[in-house]
Trainee: 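Following this message is one structure expressed as structure tokens.
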Amino acid sequence: MGLVLQFRVPERQPAEPESEPLQVDLMTAVDVAIRDLDDIIPYIFHTGIREQAEACRRMLQDSFDAALQAG
């Protein structure tokens, strides 16, 4: 007959409290959106959708540049 070893059950760690969502300022959010669109646009093969994404990226870039000039 085999010998049965009783392993200790590890103590449960208390669950970490829910953390607050990451707070990002508006300029950082716009900068990230511009970079994401730059990464995504080359993979958009539908012409109309690509043009819309490029227009959105230009609008965000123009707004970002204007905010930098004003700041």
Trainee: According to the side chain to side chain donor-acceptor pair (under 3.5 Å) rule, which pairs have a member within residues 24-36, sequence neighbours left out?
Mentor: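 Found Asp25-Thr28, Asp31-Arg35.
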Trainee: Would you give me the side-chain donor-acceptor pairs under 3.5 Å for residues 45-56, sequence neighbours excluded?
Mentor:
from, atom 1, to, atom 2, distance (Å)
His46, ND1, Gly48, N, 3.3
His46, ND1, Ile49, N, 3.3
Arg50, NH1, Ile44, O, 2.8

Trainee: Show me, pair by pair, the donor-acceptor contacts under 3.5 angstrom made by side chains of residues 57-65, not counting sequence neighbours?
Mentor:
from, atom 1, to, atom 2, distance (Å)
Arg57, NE, Asp38, OD1, 3.3
Gln61, NE2, Asp65, OD1, 2.9
Ser63, OG, Met59, O, 3.0

Trainee: Examine Leu68 and Val24 and state if one hydrophobic cluster contains both, with Ile, Leu, Val, Met, Phe, Trp and Tyr joined whenever side-chain heavy atoms are less than 4.5 Å apart.
Mentor: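 In one cluster: no.
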